[in-house]
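Below is one structure, written out as structure tokens; the observations come after it.
Every chain is numbered from 1 and lettered A, B, ... according to where its sequence line falls, protein lines coming before strand lines.
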2 protein chains.
Amino acid sequence: MKNKRHSIKDIAAVIGVSVTTVSFVLNGKAEEKKISKVVTDKILKYVEKIKYKPNQTAQSLRTGKSKIIVFMVEDISNYFFAKLARIMEDIAYKKGYKVLFCSNENNDEKSIDLINLFKDRQVDGYIIIPSAGIKSKIEELIEEGFPVILFDRYFPELDTNYVVVNNKEASYNATKHLIDNNFQHIGFVTIDVQQTQMIDRLNGYKEAITEAGFNENILKISLQDLTNYGGENSIQEFLEKTPKLDALYFATNYLALSGLKVLNENFPHYINKLGIITFDDLDFFGIYRPTISAISQPFSEIAQTLMNLMLSLLKNDIKGSPITQIKLKTNLVVRSSSQKR
Amino acid sequence: MKNKRHSIKDIAAVIGVSVTTVSFVLNGKAEEKKISKVVTDKILKYVEKIKYKPNQTAQSLRTGKSKIIVFMVEDISNYFFAKLARIMEDIAYKKGYKVLFCSNENNDEKSIDLINLFKDRQVDGYIIIPSAGIKSKIEELIEEGFPVILFDRYFPELDTNYVVVNNKEASYNATKHLIDNNFQHIGFVTIDVQQTQMIDRLNGYKEAITEAGFNENILKISLQDLTNYGGENSIQEFLEKTPKLDALYFATNYLALSGLKVLNENFPHYINKLGIITFDDLDFFGIYRPTISAISQPFSEIAQTLMNLMLSLLKNDIKGSPITQIKLKTNLVVRSSSQKR
DNA sequence: GTGAAAGCGCTAACAC
DNA sequence: GTGTTAGCGCTTTCAC
């Protein structure tokens with residue numbers, strides 16, 4: 001069973017030609033290099049018969065291309081990222097690329113370590129959710145000529161490829177939706193970070209609130225608190241200190257989950273009165289009672305956009321490619337938690 | 001900025017020794033090869049200074065080892081698998097390995113395609129959730145000397161390394177738990193497949209039911225129905241046709257989600273009367289009302305066991321390694337849905 | 001104690 | 001039209 005792998009040399013020997021000829025034929029350069037049809041066919045037929053597969057490692061060493069794309073997110077076990085990963089994987093494999101997934105925990109040091117690691121691995125391209133402090137590392141990658149695409153968030157001062165969603169507009173619309181449904185004291189629960197997507201969500205909220213002439217009620221949960229208690233204690237406190245709230249808008253789905261937990265445990269009477277809406281949809285929100293309204297990010301579209309952009313960067317010479325910055329539309333899924341009371 | 005990468009040759013030239021010496025030192029063979037302390041130190045210091053990292057591709061080509069481990073699951077966007085992936089990733093990176101995740105959709109053809117692909121990539125080891133028909137492919141891998149670990153399920157007739165949980169025992173205990181809480185007409189909702197883990201879960205249920213002298217009420221959802229409607233229509237029908245049911249036991253968490261959805265939409269009065277329990281815990285189940293009892297698989301332990309086993313297979317010569325078959329304990333998380341009424 | 005050199009499998013410039 | 005050969009960066013045998 002342990003039939004040794006075929007090499008291009010073996011093939012050449014069997015057919016009675018040189019490795020060059022075989023290589024040319026295999027790389028589709030038969031025409032260009034004017035290899036005779038007879039030889040070409042003979043080689044192709046034999047290759048087919050023995051199911052020859054080139055040794056990728058050797059190809060990589062020789063060409064400097066690894067056919068590997070890195071997909072670096074905060075945490076691959078997060079539903080949103082796992083879902084994207086699944087779709088990107090499929091597209092990549094179809095084009096002969098593999099995707100190496102990794103989690104940076106939104107940590108600069110870990111991000112940089114990982115990127116360094118991948119450079120040794122000759123990774124062809126990078127799709128990255130950048131942590132706050134790796135701007136210069138990203139710049140370095142770009143300067144070195146690697147295809148890089150940021151997503152979910154980006155560095156406004158850095159002219160890079162990125163794919164994001166319309167955070168501000170979506171956030172404005174969600175807030176407006178609550179206002180239109182007669183909610184007046186809308187609390188916004190977010191985390192205390194300077195990431196573009198979170199800033200945009202905050203600004204969308206503020207804009208709608210200001211426009212309506214209402215007051216802002218904002219809870220910014222510290223990262224430390226988020227890590228230790230999932231922010232539950234902060235939310236609890238916020239609810240206690242702001243009893244007039246008649247609606248809550250969560251800036252991410254995990255904040256909404258923490259919020260629901262707190263409401264369940266300590267304010268059970270509140271949960272059906274309060275208007276609730278959240279960024280990032282989950283299947284779960286359609287099953288919960290009340291069903292929870294959410295701003296849904298278009299998984300499939302994001303994944304496809306990222307991958308297609310990466311593949312095109314990889315194909316065309318990177319230096320010639322224009323910077324591409326894409327903002328995709330989210331979708332407001334209205335369920336019962338945000339209905340007029 | 002584009003400072004070309006250092007090669008072992010450059011180092012040799014700078015230090016004024018041969019590449020052999022450098023290679024020996026870098027591979028920790030200085031002592032063994034009796035390289036002088038002076039030279040060794042000089043090399044190590046320089047290497048440190050320029051932050052030299054060996055070219056992994058070249059190493060792979062030369063040694064035939066890629067430092068890549070494949071982790072093949074049904075669907076990486078599934079919470080359980082994504083969670084495992086996250087933990088395994090960390091362990092692997094610490095040991096200098098990368099993990100290539102991929103989804104086989106529980107499809108034989110896709111599994112085989114992927115395995116073939118990885119063989120060209122010189123992957124070092126395989127951790128696989130096998131789809132039903134790839135027994136011979138797994139055998140082939142093993143015969144060819146690759147470290148292979150199956151998990152979640154296995155082929156009883158095949159003597160391989162595997163890591164699973166105590167499905168039958170856990171299922172028995174969960175059913176017994178319902179019985180002890182005075183539920184008598186317990187429906188078991190599963191899918192119609194011949195996978196060991198599902199068979200064990202079914203048998204655990206059957207054993208507890210028989211022991212109690214009760215009647216079995218089993219719904220086996222066809223794969224087709226699962227794909228098209230998430231099994232919701234089957235569950236609906238099952239509930240309508242078996243009105244005497246006072247409890248439902250779901251064999252997986254996604255079945256439980258479908259079940260909850262059906263209950264919510266069409267039997268809202270039922271949901272607080274019915275005893276509910278499910279295999280595979282989700283955060284969600286702790287937030288739902290009622291909170292849902294579940295059999296929780298030990299993520300962290302599974303991931304660590306898998307990875308440590310793989311690393312030890314990779315270290316020791318595989319032929320010398322004994323077959324390791326591990327059955328881990330699950331944990332019954334009792335919440336309100338299974339309380340005595 | 002250290003170095004020369006072969007070779008992993010492939011690509012492609014150059015030679016004929 | 002096809003072959004010879006250098007070389008990608010590394011490991012390791014053998015020679016001195």
Side-chain angles (χ1 to χ4, degrees), chain A residues 3-44 46-47 50-68 96 119-124, chain B residues 3-44 46-47 50-68 96 119-124:
Chain A
N3 40 4
K4 204 173 141 307
R5 292 193 41 156
H6 307 277
S7 81
I8 213 170
K9 215 161 137 191
D10 303 338
I11 300 175
V14 171
I15 306 284
V17 295
S18 78
V19 290
T20 318
T21 310
V22 178
S23 176
F24 283 153
V25 170
L26 291 177
N27 289 303
K29 294 186 182 164
E31 298 248 323
E32 181 189 333
K33 298 292 179 179
K34 302 187 189 273
I35 309 287
S36 70
K37 192 105 185 60
V38 190
V39 174
T40 305
D41 284 353
K42 233 204 265 182
I43 293 175
L44 288 178
Y46 182 65
V47 157
I50 62 170
K51 292 198 200 313
Y52 165 81
K53 296 280 173 51
N55 178 319
Q56 280 254 22
T57 313
Q59 274 183 329
S60 292
L61 179 59
R62 183 61 232 233
T63 60
K65 299 286 163 213
S66 62
K67 291 277 181 180
I68 291 183
K119 280 166 68 173
D120 304 330
R121 193 98 226 173
Q122 331 255 70
V123 160
D124 291 348
Chain B
N3 41 6
K4 205 174 140 308
R5 293 193 41 157
H6 306 277
S7 80
I8 214 170
K9 213 161 139 192
D10 303 338
I11 300 174
V14 171
I15 305 285
V17 295
S18 77
V19 289
T20 317
T21 310
V22 178
S23 175
F24 284 153
V25 170
L26 290 176
N27 289 304
K29 295 190 182 160
E31 298 247 322
E32 180 189 333
K33 298 292 180 178
K34 304 189 188 271
I35 309 288
S36 72
K37 191 107 186 62
V38 191
V39 174
T40 306
D41 284 353
K42 234 203 271 183
I43 293 175
L44 288 178
Y46 182 65
V47 156
I50 62 169
K51 292 199 201 310
Y52 165 80
K53 296 279 173 52
N55 178 318
Q56 280 255 23
T57 312
Q59 275 183 328
S60 293
L61 179 59
R62 184 58 232 232
T63 61
K65 300 286 163 212
S66 61
K67 292 276 182 181
I68 292 183
K119 281 168 64 175
D120 304 330
R121 194 99 225 168
Q122 332 256 67
V123 160
D124 291 349

Item to check | Ser18(B) (side chain) and dA4(C) (base): donor-acceptor pair under 3.5 Å | outcome: no

Checklist entry - Taking only side-chain nitrogens and oxygens of Lys65(A), does any of them come within less than 4.0 Å of OP1 or OP2 of dT11(C)? => result no

Checklist entry - Do any side-chain nitrogens or oxygens of Tyr52(A) fall under 4.0 Å of OP1 or OP2 in dC10(C)? => result yes

Checklist entry - Can you name the nearest heavy-atom pair linking Val123(A) to Ser66(A), along with the distance? => result CA-OG, 3.5 Å

Checklist entry - Leu61(A) CG to dC8(D) C1': how many Å, rounded? => result 4 Å

Item to check | Approximate separation, where rounding is to 0.5 Å, of Lys42(A) NZ and Ile35(A) CD1 | outcome: 13.0 Å

Checklist outcome for this item: Taken to the nearest whole Å, CD1/Ile8(B) to C1'/dA5(C) is 14 Å

Next on the checklist: For dA12(C), does the base pair up with any side-chain atom of Ser23(A) as donor and acceptor (N or O, under 3.5 Å, distance only)?
Outcome noted: no

Item to check | Residue whose closest nucleotide on DNA chain C lies nearer the 5' end, Val19(B) versus Phe24(A) | outcome: Val19(B)

Next on the checklist: From CD1 of Ile11(A) over to C1' of dC10(C), roughly how many Å is that when rounded to an integer?
Outcome noted: 11 Å

Next on the checklist: What is the distance, to the nearest angstrom, from the CD1 atom on Ile15(A) to the C1' atom on dT2(D)?
Outcome noted: 14 Å

Item to check | side chain to side chain contact (heavy atoms under 4.5 Å, CB included) partner of Ile43(A), the single match among Val38(A), Val14(A), Val22(A) | outcome: Val22(A)

Item to check | Nearest to side-chain heavy atoms of Asn55(A), which nucleotide of dG3(D), dG9(D), dC10(C) | outcome: dC10(C)

Next on the checklist: Counting the atoms with a prime plus P, OP1 and OP2 as sugar-phosphate, which does Lys37(A) contact under 4.0 Å by heavy atoms, base, sugar-phosphate, or nothing?
Outcome noted: nothing

Item to check | Spacing of Lys53(A) atom NZ relative to dG9(C) atom C1', expressed in whole Å | outcome: 16 Å

Checklist entry - Between Thr57(A) and dC10(C), does any side-chain N or O lie under 4.0 Å from OP1 or OP2? => result no

Checklist outcome for this item: With the side chain defined as heavy atoms from C-beta on, Ala58(A) is closest, among dG9(C), dA12(C), dC10(D), to dG9(C)

Checklist entry - Is any side-chain nitrogen or oxygen of Lys34(A) closer than 4.0 Å to OP1 or OP2 of dT2(D)? => result no

Next on the checklist: What is the separation between atom NZ on Lys29(B) and atom C1' on dT2(C), rounded to the nearest whole Å?
Outcome noted: 15 Å

Checklist outcome for this item: d(Leu26(A) CG, Ile11(A) CD1) to nearest 0.5 Å is 6.0 Å

Next on the checklist: Quiz question: going by heavy-atom distance under 3.5 Å, is there a donor-acceptor pair between the base of dT11(D) and the side chain of Thr20(B)?
Outcome noted: no

Item to check | Nearest non-hydrogen partners of Gln122(B) and Asn55(A), listed with the distance | outcome: NE2-ND2, 3.2 Å

Checklist outcome for this item: From the candidates dA6(D), dG1(C), dC8(C), the one with an atom nearest any side-chain atom of Ser36(B) is dG1(C)

Checklist outcome for this item: Leu26(A) CG to dA12(C) P, in whole Å, measures 12 Å

Item to check | Given DNA chain C, 5'-ward residue of the pair Gln59(A) and Thr63(B), judged by closest heavy atom | outcome: Thr63(B)

Next on the checklist: Rounded at 0.5 Å granularity, tell me how far OG in Ser23(B) sits from NZ in Lys33(B).
Outcome noted: 10.0 Å

Next on the checklist: It should be established whether Asn27(B) places a side-chain nitrogen or oxygen under 4.0 Å from OP1 or OP2 of nucleotide dT11(D).
Outcome noted: yes

Next on the checklist: Closest approach to the side chain of Lys33(A), judged atom by atom: which nucleotide of dC8(C), dT2(D), dC10(C) is it?
Outcome noted: dT2(D)

Next on the checklist: Rounded to whole Å, how long is the line connecting atom CD of Glu31(B) with atom P of dT2(C)?
Outcome noted: 13 Å

